[in-house]
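All heavy atoms count here, side chains included; hydrogens, waters and symmetry mates do not. Note that the structure is a prediction, hence the values are computed from the model and not measured.
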Amino acid sequence: KTTLSHIFNYLDVKSLLITTEVCTYFNDTVQTSRKLMSKLKLVMRFEDIKDDKKQCNKILLNELDQYVTRNYQSVQFLHLKENSLSNLMRKQLTSIINKLEVKSITCLQINNCYVGREDVVNLLKKFPNLVELTIEELMFSNDFSPSELALEGNSERLSLPNLRSFRLINADFFCLILINSSTQLHTLEIMTPSYNRSDVEELENFLLKQRHLKKLSMSRFRFNSSYSTNRLANVQFQLEELKLKDIIWDITAHARLFLNTQKNLKHFKLSKFQRW
């Protein structure tokens, strides 16, 4: 199997999938290799279909059913919309996720989705062993409310003890607050978030809890004199890589205090800075 795994590693994803259908031995070789399985990603794509949408979605989910028995390490949800997420579809989606070997899934991507907060919370709960989480272009269909009020009456935070990399790209800032319990991050990326001014305080709270952060990338986030403080001078981590792009940091003194704490930087990049 070792020799066969080495040969299979040269295959592209499509060829690798075909290989698993050849015979039981080939399939077992792929399934028992973490390296090979890391090349395979289960993608659940929910396209906007105008004609007979519910039936089309039902067929799509039924087709997925035959593929969920593999021990995937990576799963991606695409184009999941509130208006196409009927109660029937929720049950089907839950059924498929329940058939997955969720313990083996360490990488999850949620892209271009528009659903309720409770749907996102319930979805993430099903993947407790995540190491990498990417949330891109996720907006909530619930009525808009400031992020710090989003958890009012619900103190529950997601527990993702193995999470090491989190990417929040053009998404509701509530997602950051939701995983507030994760303190073992090595990589954090916040790009063009949808946020309120008070989210500056939430970001400071989040960063102050991190001890092992090595890479921090931020784009289009605004620190401002009304909400920012000098608390970031007390961060416990030492970054090796810092990238700041198109940041508005009104208070130079606070920025300088933070930067002075970082003694181990190997890569430091500033671009499109304003008001330094």
Side-chain angles (χ1 to χ4, degrees), residues 34-35 38-39 41 73-76 105-111 124 127-138 147 157-195 199-223 228-249 251-252 254-274 276:
R34 288 188 61 83
K35 189 173 184 179
S38 67
K39 298 175 69 172
K41 178 191 294 184
Q73 295 181 39
S74 183
V75 174
Q76 182 178 21
I105 296 171
T106 58
C107 180
L108 178 65
Q109 295 177 315
I110 302 175
N111 301 88
L124 291 175
F127 302 97
N129 295 330
L130 291 180
V131 175
E132 300 178 24
L133 174 61
T134 298
I135 298 178
E136 183 173 0
E137 295 186 22
L138 170 66
S147 294
R157 305 290 176 95
L158 284 173
S159 179
L160 300 172
N162 299 322
L163 193 66
R164 297 295 180 267
S165 175
F166 179 52
R167 301 175 71 236
L168 183 67
I169 305 172
N170 194 23
D172 195 299
F173 206 80
F174 170 78
C175 299
L176 185 70
I177 304 172
L178 189 63
I179 66 160
N180 216 332
S181 59
S182 180
T183 60
Q184 303 296 316
L185 286 180
H186 290 175
T187 302
L188 175 63
E189 185 174 335
I190 301 177
M191 314 298 282
T192 322
S194 173
Y195 72 101
D199 290 332
V200 175
E201 182 179 356
E202 295 293 350
L203 176 60
E204 290 182 352
N205 291 338
F206 188 82
L207 291 175
L208 285 168
K209 293 179 180 179
Q210 304 306 317
R211 295 185 178 182
H212 307 286
L213 201 61
K214 297 299 181 184
K215 297 182 180 180
L216 175 62
S217 299
M218 295 181 61
S219 174
R220 297 188 65 82
F221 192 89
R222 176 165 183 162
F223 292 88
S228 300
T229 69
N230 60 4
R231 293 189 301 155
L232 290 185
N234 300 315
V235 293
Q236 303 178 66
F237 54 80
Q238 284 294 317
L239 298 172
E240 295 180 359
E241 182 177 303
L242 176 61
K243 296 181 180 179
L244 302 173
K245 180 180 179 181
D246 203 8
I247 302 286
I248 299 178
W249 208 323
I251 48 273
T252 306
H254 294 167
R256 186 183 297 115
L257 285 171
F258 167 65
L259 291 174
N260 282 340
T261 67
Q262 301 305 304
K263 308 297 185 182
N264 297 333
L265 284 177
K266 298 177 181 178
H267 186 184
F268 181 30
K269 183 176 182 180
L270 298 176
S271 56
K272 294 186 180 180
F273 237 77
Q274 300 182 44
W276 185 283

Could you check Gln238 against Gln262 for side-chain contact (heavy atoms from CB on, under 4.5 Å), going step by step and ending with a plain yes or no?
CA-CA 6 Å; Gln238 284 294 317; Gln262 301 305 304; 4.2 Å; yes

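- Note that CG of Asn230 and CD of Glu204 are 8.5 Å apart. Values are rounded to the nearest 0.5 Å.
- By the 4.5 Å heavy-atom criterion applied to side chains, Leu124 and Leu133 are counted as neighbours.
- To the nearest 0.5 Å, the span separating OG1 on Thr187 from CG on Leu213 amounts to 7.0 Å.
- Within the 4.5 Å cutoff, no side-chain heavy atoms of Thr192 are placed close to those of Asp246.
- Here the closest non-hydrogen pair linking Leu257 and Ala233 is CB-CB, 3.9 Å.
- Inter-residue side-chain proximity for Arg222 and Val200 is flagged as unmet; no heavy-atom pair is nearer than 4.5 Å.
- Here the closest non-hydrogen pair linking Glu137 and Ala171 is N-CB, 4.4 Å.
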Dump the intermediate steps for side-chain contact (heavy atoms from CB on, under 4.5 Å) on Arg231 and Asn205, then the final yes or no.
CA-CA 9 Å; Arg231 293 189 301 155; Asn205 291 338; 2.9 Å; yes

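- Side-chain contact between Thr106 and Asn162: absent, with no pair of heavy atoms (C-beta onward) separated by less than 4.5 Å.
- Atom-to-atom distance recorded for Thr134:OG1 and Asn111:CG is 7.5 Å, nearest 0.5 angstrom.
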Assess the residue pair Leu259 and Leu242 against the criterion (side-chain contact (heavy atoms from CB on, under 4.5 Å)); give the C-alpha distance rounded to whole Å, side-chain angles, the decisive distance to 0.1 Å, and a yes or no.
CA-CA 10 Å; Leu259 291 174; Leu242 176 61; 3.6 Å; yes

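- Summarising the geometry of Leu216 relative to Met218, their closest heavy-atom pair is CD1-CG, 4.0 Å, with the distance given to 0.1 Å.
- Smallest separation of non-hydrogen atoms from Phe206 and Leu185: CZ-CD1, 3.6 Å.
- Take Arg211 and apply the side-chain hydrogen bond (donor to acceptor under 3.5 Å, both in side chains) test, not counting sequence neighbours, and it matches Gln236.
- Residues forming a ring-ring contact (aromatic ring centres under 6.0 Å, His included) with Phe221 (at least two apart in sequence, or on another chain): Phe173, Tyr195, Phe223.
- Here the closest heavy-atom approach between residue Val235 and residue Leu207 is recorded as CG1-O, 4.4 Å.
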Take Asp172 and Leu138 through the side-chain contact (heavy atoms from CB on, under 4.5 Å) test and state the conclusion after the steps.
CA-CA 6 Å; Asp172 195 299; Leu138 170 66; 5.9 Å; no

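- Considering CG of Leu239 and OG1 of Thr261, their distance stands at 7.5 Å, rounded to 0.5 Å.
- Here the CD atom belonging to Gln73 is positioned 9.0 Å from the SG atom belonging to Cys107, to the nearest 0.5 angstrom.
- Rounding to the nearest 0.5 Å gives a distance of 10.0 Å between CG of Leu203 and CG of Leu168.
- Under the salt bridge (Lys or Arg N to Asp or Glu O under 4.0 Å) criterion, Lys243 pairs with Glu241, not counting sequence neighbours.
- Scanning all heavy atoms of the two residues, the minimum distance from His254 to Ser228 falls at CE1-O, 3.7 Å.
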